[in-house]
There are 2 protein chains.
Amino acid sequence: MPLPKEHRMPETVVDITSVKASCQRCSLRQLCLPQELDNVDVAKLDDLVERHNPLQRGEYLFRQADQYKSLFAIRSGSFKTQHLHKDGTESILGFHLPGEIIGLAGLGSGEYQASAIALERATACELPMGRLHELVKVLPSLNHQLYKVMGCRISEDQEMLMVLRDNSAQERLASFILNLAQRLKRRGFSSVNLILSMTRQDIANFLGLTLETVSRTFAKLEKDCVLKIDRRNIQILDKQRLFKLSSASCDDPINI
Amino acid sequence: MPLPKEHRMPETVVDITSVKASCQRCSLRQLCLPQELDNVDVAKLDDLVERHNPLQRGEYLFRQADQYKSLFAIRSGSFKTQHLHKDGTESILGFHLPGEIIGLAGLGSGEYQASAIALERATACELPMGRLHELVKVLPSLNHQLYKVMGCRISEDQEMLMVLRDNSAQERLASFILNLAQRLKRRGFSSVNLILSMTRQDIANFLGLTLETVSRTFAKLEKDCVLKIDRRNIQILDKQRLFKLSSASCDDPINI
DNA sequence: CGCCGAATTGAGTCTATTCAAATGTGGTGG
DNA sequence: CCACCACATTTGAATAGACTCAATTCGGCG
């Protein structure tokens with residue numbers, strides 16, 4: 001499997017040297033669980049976090065139907081979550097970037113309902129649920145923050161549901177690129193030059209299209225001078241127009 | 001607006017006479033927030049619940065972009081949640097039955113991202129967030145339960161996303177009917193004879209189809225002797241086959 | 001250089017849509 | 001009681017967007 005250029009976090013975003021006491025100094029703090037926690041509380045959160053060695057592309061962070069043990073906060077790189085159906089087909093549920101929390105759906109059923117797979121070299125912080133449940137009892141701010149994270153996830157999932165259900169291929173792809181650009185920007189990456197860590201097939205699967213349609217739609221957007229495309233490298237030439245194309249009914253203001 | 005026959009809860013399911021101390025005696029207890037709470041904790045939950053007068057078909061329980069104040073537990077009847085886009089179009093996000101908690105998405109953004117509208121005569125219990133936040137601090141069991149409810153919602157939303165993104169019109173409609181039958185059964189209604197409280201247009205909007213397609217697909221399912229259809233009354237004639245039609249890749253065992 | 005997987009491009013097909021018309025139903029008022 | 005209206009629903013015919021199948025190109029890597 002050919003490796004795409006890695007999504008390496010800029011030095012200022014993740015301090016690789018401070019593996020210990022990490023949440024406190026982690027520059028993902030504003031995007032992750034510690035957001036809005038004071039230093040004392042973050043220190044307590046730090047104690048339960050288990051930091052993992054890097055995963056390589058294709059390796060699993062957790063597997064569907066594994067017994068539910070932990071939430072994971074992504075530290076670097078990117079992941080996809082995918083659900084395996086009984087008939088052997090797979091559905092991609094999402095792509096996940098540094099600072100995002102994955103594994104939340106398991107809180108309901110007690111088992112992971114999807115597998116998380118690294119799309120490139122990636123690291124994650126593990127938050128064991130047992131200890132997290134203890135910690136939220138004594139840290140109302142953490143408890144509140146966790147509710148907020150979950151509320152956001154419900155909100156984002158419903159937004160995505162509407163995009164995938166109601167929009168055309170071009171609208172879906174435009175939304176996808178804009179969404180990615182916006183999330184990358186918050187993490188200190190360029191919001192104009194994106195390096196996709198997933199294949200066309202992954203994008204197609206995620207958007208409910210075929211890879212041929214994704215390819216053709218990219219070609220059309222390039223022909224219309226909205227994007228410049230070079231394999232996994234996407235340059236946004238006309239953000240305004242991409243936004244208009246993303247959906248006639250989208251209501252988010254441009255904030256990318 | 002012509003009224004469909006009302007989804008009236010069987011006497012054994014909701015005791016209308018005990019409006020006070022209601023969570024304790026409410027027979028939706030096993031489906032709602034109090035699930036797995038002991039009597040002392042339920043009594044405390046009772047104190048914060050504000051019970052409302054019935055809403056008529058078409059009336060709003062809360063409105064999109066209203067300041068976020070409360071969660072709502074449905075007590076009787078049914079609701080739809082729908083998102084209004086900037087261009088004036090509306091997207092239905094879900095249909096909601098007694099015992100279900102709605103308004104969870106607001107926990108992230110601080111405002112409701114959809115409106116909740118009664119589909120028939122309906123009542124709901126209001127759970128003000130301010131007091132709920134206080135209560136979860138002292139009731140770990142309630143806190144735990146609320147996480148579980150939110151985890152389930154994330155899980156269900158993702159399941160729905162896959163159905164709407166990956167399946168054909170017939171698969172979507174079959175899934176929809178089976179899902180409804182299953183949820184109605186848990187609430188003491190027949191899982192064979194369903195009374196739909198929503199219009200064909202609502203179903204189409206929810207499933208990402210046109211109302212013509214919904215109508216044609218119902219007609220096909222009736223012609224194939226899978227359903228018997230009389231306006232809003234649906235009789236499931238062949239549950240086994242409906243399940244097979246619902247999706248080649250669905251993995252839930254038949255449990256309806 | 002040649003292999004292999006990823007990605008692109010082309011041609012024909014099919015599902016669901018759009019547009020249009022007809023039918024059915026419940027409620028209202030004469 | 002019946003005529004009529006508004007609205008929900010059904011049905012038909014033509015269209016369009018995405019899909020399938022197939023062939024080709026591209027790029028990285030041994």
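Hydrogens, waters and symmetry mates are skipped; everything else that's a heavy atom, side chains included, is used. Reminder, nothing fancy here: chain letters follow the sequence lines and each chain counts from 1.
With a 4.5 Å cut-off on side-chain heavy atoms, A:Asn179 and A:Phe176 do not count as touching.
Looking only at atom types and distance, the side chain of A:Ser78 has a donor-acceptor partner in the side chain of A:Ser197 under 3.5 Å away.
Between A:Leu196 atom CG and C:dA6 atom C1' there is a gap of 13 Å when expressed in whole angstrom units. At whole-Å resolution of the value, CG in A:Leu211 and C1' in C:dT9 are 12 Å apart. The interatomic distance linking B:Asp202 (CG) with D:dC7 (P) rounds to 15 Å, in whole Å. A:Asp166 has its CG atom 17 Å from the P atom of D:dG17, to the nearest Å. As a whole-Å value, the separation of B:Asn205 CG from D:dT9 P is 14 Å. Between the CG atom of B:Leu119 and the P atom of D:dA8 there is a distance of 13 Å, given to the nearest Å. One atom, CD of B:Gln201, and another, P of D:dT10, lie 12 Å apart when rounded to the nearest Å. Summarising the geometry, the separation between CZ on A:Arg200 and P on D:dC26 is reported as 15 Å, rounded to the nearest angstrom.
Contacts of A:Glu156 classified as salt bridge (charged side-chain N to carboxylate O under 4.0 Å, His left out), with partners at least two apart in sequence or in another chain: none. Residues forming a ring pair (Phe, Tyr, Trp, His ring centres under 6.0 Å) with B:Phe72 (at least two apart in sequence, or on another chain): B:Phe62. Remark: A:Arg200 pairs with no residue by the salt bridge (charged side-chain N to carboxylate O under 4.0 Å, His left out) rule, at least two apart or across chains. A:Ser190 meets the side-chain hydrogen bond (donor to acceptor under 3.5 Å, both in side chains) test with no other residue; sequence neighbours excluded. The salt bridge (charged side-chain N to carboxylate O under 4.0 Å, His left out) search around A:Lys220 returns A:Asp224, not counting sequence neighbours. B:Thr213 is linked by a side-chain hydrogen bond (donor to acceptor under 3.5 Å, both in side chains) to B:Thr210, counting only residues two or more places apart in sequence or in another chain. Partners of B:Asp202 by salt bridge (charged side-chain N to carboxylate O under 4.0 Å, His left out), not counting sequence neighbours, listed by chain and number: B:Lys80.
Regarding contacts with the backbone of C:dT25, every side-chain N or O of B:Arg232 stays at 4.0 angstrom or more from both OP1 and OP2. Considering only side-chain N and O atoms, A:Arg231 lies nowhere under 4.0 angstrom from the phosphate OP1 or OP2 of C:dA6.
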Contact pattern, 5' to 3', of nucleotides 10-19 of chain C - B, S or - by protein heavy atom under 4.0 Å: BB----SBBB

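Residues from residues 217-230 of chain A lying near DNA chain D, meaning a heavy-atom separation below 4.0 Å, are absent.
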